[in-house]
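Treat the numbers as computed from the prediction; the structure is a model and nothing was measured. All heavy atoms count here, side chains included; hydrogens, waters and symmetry mates do not.
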Number of protein chains: 2
Amino acid sequence: MKKKNTDLRIVRTKQSIRKAFYELIQEKGYEAITIQDIADRAMINRNTFYLHYQNKPDLLDTCMDELLSELQQTVVLCPFHMNPFRMSRLETVMQAVLEHISGSITFYYAMLVEESRIYPFRAKMEAIIKGKLDEGWKPAQRNSPLAVSKELLLEYLVSAFMGIVIWWIKNDRPLPAGEVSSQFSRIVTYGHLKAAGIAVEE
Amino acid sequence: MKKKNTDLRIVRTKQSIRKAFYELIQEKGYEAITIQDIADRAMINRNTFYLHYQNKPDLLDTCMDELLSELQQTVVLCPFHMNPFRMSRLETVMQAVLEHISGSITFYYAMLVEESRIYPFRAKMEAIIKGKLDEGWKPAQRNSPLAVSKELLLEYLVSAFMGIVIWWIKNDRPLPAGEVSSQFSRIVTYGHLKAAGIAVEE
DNA sequence: ATAAATAAACAACACGATGTTCATTATTTA
DNA sequence: TAAATAATGAACATCGTGTTGTTTATTTAT
């Protein structure tokens, strides 16, 4: 049974807060926002904010969960084959995600891109790795049927690289460095099907 | 010409601040640290902190740059072939990075893992993607010479996936969603060499 | 060795944001 | 129409920040 906020004052206030928050996030970034900012923009008293949310992180959580549950829906309902071209599983999911994101691009921008301005460590580290991987590219072969943009490929490599590194740190270094390195290298080089020895429904 | 801090008081103070900061970061996380915390731990007056650093982010920046310039050194000097087994370029760099990280594991943990507790959006989104990709795995083939751990492979896929998504958002959607999806899918499936039509020195 | 320079300590302050309390006013629901 | 409750407005204590003086201790230069 859903607790329904039948009182119009409540839904109206919550809406204004949410709207103000989204606007402010893209104007000055999450960190710089004060409760007073939100109250001013939403044209409510600052106390009223505390009537509905515990604090700023609480509001953020609510917004995140709201949007991510939409994403969840989008992804869960995502069929294995969604069109006549028999797109792969990954391709299908990726496309669905990108299209969902397009509908709420400013919030996703704030959450995923702005974030790296406040915690620039990951981005700085990525830049170093990227610089190294960027050395020694050979020019693309002409008319290669599979050719992808260099920029995209480089981003792909660096992201996977960083992801594995962070996974390794988070899980308290479950494998020796040499083992991780060689497995990573194999996946990158041969693709996930061959590398894994795993069959994935395509 | 290097500006040398010949005054022992300065180097001593800076060292204590740095040490205190590193300790506190792993004890309570960056966000929760106050200047007073650092001053107490370093056994200096709070004002003395402001004599050397502008604020907390400034101190963080200094520490980051210090560590990342070490990483830079490690990576730049990283030879293309570092051992008789003819490791690939990626493998070599990965191994060097992991070994470097092991030497400062607590700071890297704080910067790369703890971060996601403060900005949990990316992690939450990753979990959704991971859940979807985790469906429909087939068991690994026995004795596959290239077999890698499922956990590592899944992390690899999700990280690359998220990296491309963020790249796409950050660069103001430079390609249509369908194009990104199909290129991504190709790289994952066929490996970067075939997918790119690019020869990379191995 | 001594004097000038300066790092560090100590106290005080203004400022801004947070989160809470309480009385009052406005709006909704019964 | 009356009771319930959402919203307002003012006040307050608390905390962390960053700054400004003054005094003490240590280092550097003469």
Side-chain angles (χ1 to χ4, degrees), chain A residues 1-64 110 114 117-120, chain B residues 1-64 110 114 117-120:
Chain A
M1 210 51 185
K2 221 173 200 175
K3 179 189 169 187
K4 45 183 168 184
N5 277 329
T6 170
D7 196 327
L8 286 179
R9 289 173 295 181
I10 295 181
V11 301
R12 193 168 47 78
T13 301
K14 280 196 170 182
Q15 270 187 4
S16 338
I17 290 178
R18 212 66 79 76
K19 184 166 178 290
F21 185 54
Y22 278 89
E23 287 174 13
L24 287 166
I25 264 189
Q26 66 180 304
E27 283 176 29
K28 54 195 311 197
Y30 172 72
E31 292 296 325
I33 299 174
T34 69
I35 311 292
Q36 189 65 61
D37 287 336
I38 299 172
D40 288 346
R41 179 68 61 103
M43 289 182 293
I44 57 163
N45 192 277
R46 188 165 66 87
N47 277 9
T48 308
F49 175 90
Y50 288 107
L51 249 47
H52 298 284
Y53 302 98
Q54 294 213 323
N55 43 37
K56 205 170 56 148
D58 182 36
L59 171 60
L60 178 63
D61 269 0
T62 309
C63 293
M64 280 181 1
E114 291 289 330
R117 287 196 320 170
I118 301 146
Y119 279 99
Chain B
M1 208 55 185
K2 218 173 200 175
K3 179 189 168 188
K4 46 183 171 185
N5 276 327
T6 169
D7 195 328
L8 286 178
R9 290 173 294 183
I10 296 179
V11 301
R12 192 167 49 78
T13 301
K14 281 196 169 179
Q15 270 186 4
S16 337
I17 290 177
R18 212 67 78 76
K19 186 167 175 292
F21 185 54
Y22 278 87
E23 287 173 13
L24 287 167
I25 264 188
Q26 65 179 303
E27 283 175 29
K28 55 194 314 198
Y30 172 73
E31 292 296 325
I33 299 174
T34 69
I35 311 291
Q36 189 64 62
D37 286 337
I38 300 172
D40 288 347
R41 180 67 61 103
M43 289 183 293
I44 58 161
N45 191 276
R46 187 167 67 90
N47 277 13
T48 306
F49 175 90
Y50 289 106
L51 250 47
H52 298 284
Y53 302 98
Q54 295 211 323
N55 44 35
K56 207 171 53 150
D58 182 36
L59 172 59
L60 178 62
D61 269 359
T62 309
C63 292
M64 278 182 1
E114 292 289 329
R117 286 196 318 169
I118 300 147
Y119 280 100

Please confirm whether the shortest side-chain N or O distance from B:His52 to OP1 or OP2 of C:dA7 is below 4.0 Å.
no
Which whole-number value in Å describes the distance from A:Gln15 CD to D:dA6 P?
17 Å
Take the protein atom CZ of B:Phe49 and the nucleotide atom C1' of C:dA9, then report the distance between them rounded to whole Å.
17 Å
Would you call B:Leu59 and B:Arg18 a side-chain contact if the rule is heavy atoms closer than 4.5 Å?
yes
State, with a plain yes or no, whether a side-chain heavy atom of A:Ile38 is found less than 4.5 Å away from one of A:Arg46.
no
Quick note, A:Asn45 side chain, CB onward, closest among C:dA9, D:dT8, D:dT19 is D:dT8
Between B:Thr34 and D:dC15, is there a side-chain N or O to OP1/OP2 distance below 4.0 Å?
no
Quiz item: A:Arg46 side-chain donor-acceptor pair to C:dG19 base, under 3.5 Å
yes
Starting at atom CD of B:Gln36, determine the distance to atom C1' of D:dG18, rounded to an integer number of angstrom.
13 Å
Under 4.0 Å: is that the gap between some side-chain N or O of A:Thr48 and OP1 or OP2 of D:dA6?
no
Using the rule side-chain contact (heavy atoms from CB on, under 4.5 Å), only one of B:Asn45, B:Leu8, B:Ile44 pairs with B:Thr13; which is it?
B:Ile44
B:Lys19 side-chain N/O to B:Arg41 backbone N/O, donor-acceptor pair under 3.5 Å:
no
By the Watson-Crick or G-U definition, both distances under 3.5 Å, D:dA29 is matched with C:dT2
Just compare C:dA9, D:dT28, C:dC22 and give me whichever is closest to any side-chain atom of A:Asn47.
C:dC22
Write down the distance between CG (A:Leu51) and P (C:dT20), rounded to a whole number of angstrom.
11 Å
Counting side-chain heavy atoms from C-beta on, which of D:dT26, D:dG18, C:dT29 comes nearest to B:Arg9?
D:dT26
Among the nucleotides D:dA6, C:dT18, D:dT19, whichever has the atom closest to the side chain of A:Asp7 is D:dA6
Among C:dT29, D:dT17, C:dA7, which nucleotide sits nearest the side chain of B:Ile35?
D:dT17
